[in-house]
Amino acid sequence: MQDLNTPQREAVKHLGSPLLVLAGAGSGKTRVITRKIAYLIEQCDMMPRNIAAVTFTNKAAREMKSRVAELMNQRGSNSRGLLVSTFHNLGLTILRRDFALLGYRPGFSIFDAQDSLAVLRDIMGQDFAADSDHASRCQWQISEWKNDLKLPDQAASQAEDADQVAAAAVYVEYEKALLAYNAVDFDDLITKPVMLFQQHEKVLSYWQNRIRYLLVDEYQDTNGSQYALVTLLVGKRGALTVVGDDDQSVYSWRGARPENLLQLQADYTDLKVVKLEQNYRSVSRILRAANALISHNPHIFEKKLWSDMGEGDPIRVIGCRNEDHEAEKVVTELLFHKMKRPTEYKDYAILYRGNHQSRPIERILREMDVPYFITGGQSFFARSEIKDIMAYLRLVANQDDDNAFLRVINTPRRGIGPKTLQILGNYAGEREISLFSACFEMGLTTQLSTAVKTKVIEFSHWLVDIADRVARTGDLVDTLRDMIEEINYRGWLEEVTGDPMQAERRMENITELLAWVERLLKREEGDMKEIGDIAARLTLMDIMERQAEENQDDAVSLMTLHAAKGLEFPHVFIMGMEEEILPHKTSIEEENVEEERRLAYVGVTRAQRSLTFMMAKSRKRYGEKVSCEPSRFLMEMPEQDLAWETEKTPVDPVKRKERGNMHLSKIREMLK
DNA sequence: CATCGTATAGTTTTT
DNA sequence: CTATACGATG
């Protein structure tokens with residue numbers, strides 16, 4: 001306890017009632033959560049298995065788990081059985097125990113956004129104008145309804161316009177389809193457990209008994225259904241600590257409700273509020289700028305960050321001609337800075353509002369041989385080879401998973417094309433059976449040639465055999481390996497990519513996937529043996545991110561401001577500090593500049609020692625040049641803390657180019 | 001079935 | 001401008 005400050009200690013020790021910890025950026029919120037867990041176990045004699053800590057990201061969960069384990073190990077106690085997971089993983093755990101009560105069958109699949117969009121397109125194909133945008137709007141709408149715990153009939157009766165009426169009709173069909181496929185989507189991982197709790201007293205009391213203390217991280221990001229899950233789990237006991245910062249709420253467009261912080265006060269009249277205002281991350285100047293910036297937003301809970309980490313250098317504002325110049329400049333500034341100081345690449349982050357802004361920066365970084373790593377690209381599970389093998393895994397676990405079936409059936413090529421699938425689909429549709437089941441009955445149809453029938457039937461029997469082998473040998477990984485061999489997946493990859501090297505890389509990803517299957521099988525929770533559980537857990541994991549992190553030991557970080565939340569870097573550059581970019585155009589139009597301000601605040605508070613804003617005078621927007629104005633946020637920070645470095649006189653473009661190149665080659669030389 | 005060409009639409013996206 | 005998705009064509 002000695003290394004905690006007074007409010008931190010208060011937060012750790014408070015137990016009598018629900019606790020809200022308003023933790024400013026860099027104020028040690030993770031430390032409070034980990035200490036509190038240790039405190040509960042060591043001082044209050046709670047069993048680790050009766051404590052749950054919930055986060056939003058896998059990364060946060062991983063970090064928390066390891067920090068608790070480390071802390072406890074130091075003192076010779078241990079945290080075995082402690083439940084640290086994401087909301088979605090917790091939902092899956094709850095669902096896995098009692099899925100049957102909701103009508104699901106063993107081995108149910110989890111549909112990712114792509115899967116569910118495919119289902120929606122399928123549904124809408126017949127009754128609605130098949131415009132692809134419409135399907136994703138509908139997906140978004142349904143997701144919003146689920147976040148609000150609205151069932152299809154409620155959505156229909158409360159629909160506000162024609163679009164919503166139409167979407168509600170799709171919602172009905174969508175839910176039917178998911179049940180038929182024995183699948184849940186990501187949102188269901190929260191909403192279905194809530195329904196379980198509401199409908200089945202016994203399930204609720206089981207979990208209330210199991211989880212006797214609940215801690216929630218990044219509380220400002222909870223949405224309606226997550227809030228319901230939390231309050232149901234906590235019940236009347238009120239054994240709850242939530243940690244959050246309303247100033248860092250940047251996901252309202254995704255259903256996050258910062259008002260949940262307030263709601264808590266209404267729901268628990270004995271709510272205790274502790275503010276953490278001492279910042280251990282940034283120098284004073286950066287905090288002063290951050291405080292000034294965020295003070296332009298209205299506040300329910302006032303807080304003011306301070307630190308004793310020194311004053312720090314002025315915050316620079318560097319004006320550039322356009323986005324290419326901006327990219328060039330940020331890289332040269334970074335390299336100059338690195339030469340002047342004993343820093344490493346990993347001490348730097350370049351942050352931006354939209355993913356597309358990374359492009360020119362990446363170009364320059366590659367040109368200059370600067371190691372960088374970029375988050376927010378395609379994830380491991382978005383990779384086609386992983387999706388393929390996952391689809392096989394899902395289909396083995398859940399034969400009703402038509403999405404998996406469709407992905408797998410002609411990958412690699414088995415000569416079963418759209419025509420055959422349509423006939424198969426019609427057959428299955430009429431009888432309300434899965435595509436996979438329909439395969440077995442194909443012998444009866446006259447619509448298909450014997451050759452095609454044979455292929456379809458062969459495939460289905462082969463897959464049944466795979467499932468049998470898994471059951472018989474009990475060795476999932478081995479069987480999968482054989483299966484991948486049997487379908488000559490490597491050959492298929494070589495054929496598709498036309499590049500043996502790339503095929504090899506992709507095969508390595510599959511090897512990695514299998515290694516993860518193995519690891520999951522070995523985990524001590526003995527109930528993880530079922531293939532469906534493995535597939536479900538894998539769907540929620542983020543292997544690639546982890547790999548990227550592990551592989552890059554020294555690299556500049558590139559990411560969106562959203563992705564930067566929760567991280568810190570000694571030196572931060574924020575790109576595109578312009579009207580219509582940092583307060584984003586659509587946000588200005590929708591009069592939601594406050595969230596943009598929080599986003600800027602998140603960016604500013606990532607910086608420990610130095611902060612540099614970049615901006616461009618003009619920018620290509622959809623091929624058209626438009627001129628840009630400095631962001632209003634720059635004016636909202638103390639003038640004396642900002643050092644503007646803008647080019648007053650326009651430079652001749654040819655000269656500028658020459659000089660730019662000179663810059664680059666000079667630096668390149670110096671680096672050698 | 002694959003490839004090419006044209007149309008279209010373009011914030012953020014923890015799971 | 002450029003990524004993507006879908007449709008026509010070979």
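Note on naming: letters A, B, ... go to the chains in the order of the sequence lines (proteins, then strands), and numbering restarts at 1 for each one.
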Between C1' on B:dT13 and CG on A:Asn58, what's the gap in Å once rounded to a whole number?
14 Å
Mind calculating the distance between CG (A:Leu421) and C1' (B:dC1) to the nearest angstrom?
13 Å
Run the salt bridge (Lys or Arg N to Asp or Glu O under 4.0 Å) test against A:Arg606 and tell me which residues pass, sequence neighbours left out.
none
Is there any protein nitrogen or oxygen under 3.5 Å from a nitrogen or oxygen in nucleotides 2-4 of chain C, and what are the pairs?
from, atom 1, to, atom 2, distance (Å)
C:dA3, OP1, A:Arg359, NH1, 2.3
C:dA3, OP1, A:Arg359, NH2, 3.3

I need the residues from residues 583-590 of chain A with at least one non-hydrogen atom less than 4.0 Å from DNA chain B; give them sorted by number, or say none.
A:His584, A:Thr586, A:Ser587
Salt bridge (Lys or Arg N to Asp or Glu O under 4.0 Å) involving A:Glu144 - partner list, sequence neighbours excluded
none
Expressed in angstrom and rounded to an integer, what is the separation of A:Glu595 atom CD from B:dT13 atom P?
12 Å
Over how many whole Å does the gap from A:Leu561 atom CG to B:dT12 atom P extend?
11 Å
Whole angstroms only, please: what is the CG-C1' distance between A:Leu189 and B:dT14?
14 Å
Grab the CD1-C1' distance between A:Ile190 and B:dT14 for me, whole Å please.
11 Å
Could you work out the separation of C:dA5 and B:dT12 based on their P atoms and round it to a whole Å?
15 Å
Residues forming a ring-ring contact (aromatic ring centres under 6.0 Å, His included) with A:Tyr251, sequence neighbours excluded
A:Trp253, A:His562
Can you name the side chain to side chain donor-acceptor pair (under 3.5 Å) partners of A:Ser631, sequence neighbours left out?
none
May I ask you to evaluate whether A:Thr560 reaches the phosphate of B:dT13, defined as a side-chain N or O under 4.0 Å from OP1 or OP2?
yes
Look at all strands and tell whether A:Asp187 reaches a base, only sugar-phosphate, or nothing, counting heavy atoms closer than 4.0 Å.
nothing
Distance, rounded to the nearest Å, where A:Leu351 contributes CG and B:dT12 contributes C1'
14 Å
Over 60° means perpendicular and under 30° means parallel, so tell me whether A:Phe186 and A:His88 are parallel, tilted or perpendicular.
perpendicular
Going by side-chain contact (heavy atoms from CB on, under 4.5 Å), name the residues that satisfy it together with A:Glu259, two or more places apart in sequence or in a different chain.
A:Arg257
For A:Glu218 and A:Gln220, which I'm curious about, is there any donor-acceptor pair between the side chains at under 3.5 Å?
yes
If you only use heavy atoms from C-beta on, which nucleotide in B:dT15, B:dT11, B:dT14 is closest to the side chain of A:Arg353?
B:dT11
Please work out if A:Phe87 contacts a base, only the sugar-phosphate, or nothing of the nucleic acid, heavy-atom cut-off 4.0 Å.
nothing
Got a sec: does the CD of A:Glu591 have more than 12 other heavy atoms crowding it under 6.0 Å?
no
Quote, to the nearest angstrom, the P distance that separates C:dT4 from B:dT13.
15 Å
Using the aromatic ring of A:Phe56 (for Trp, its six-membered ring), decide whether it stacks on the base of B:dT15 within the limits of 5.5 Å and 30°.
no
Counterpart residues, side chain to side chain donor-acceptor pair (under 3.5 Å), relative to A:Thr57 (two or more places apart)
none
Measure CH2/A:Trp253 against P/B:dT12 and give the value in whole Å, please.
8 Å
Taken in chain and number order and not counting sequence neighbours, the residues that satisfy ring-ring contact (aromatic ring centres under 6.0 Å, His included) with A:Phe56 are A:Phe87
Hey, is the side chain of A:Arg254 pairing donor to acceptor with the base of B:dT15 inside 3.5 Å?
yes
Listed partners of A:Asp388 passing salt bridge (Lys or Arg N to Asp or Glu O under 4.0 Å), at least two apart:
A:Arg407
Check DNA chain C for consecutive Watson-Crick or G-U pairs with both distances under 3.5 Å and list the runs of at least three as stems.
B:1-10 with C:1-10
State which of B:dT11, B:dT12, B:dT15 makes the closest approach to the side chain of A:Asn355.
B:dT12
Looking at residues at least two apart in the chain, or sitting in another chain, which of them share a salt bridge (Lys or Arg N to Asp or Glu O under 4.0 Å) with A:Glu568?
A:Arg281
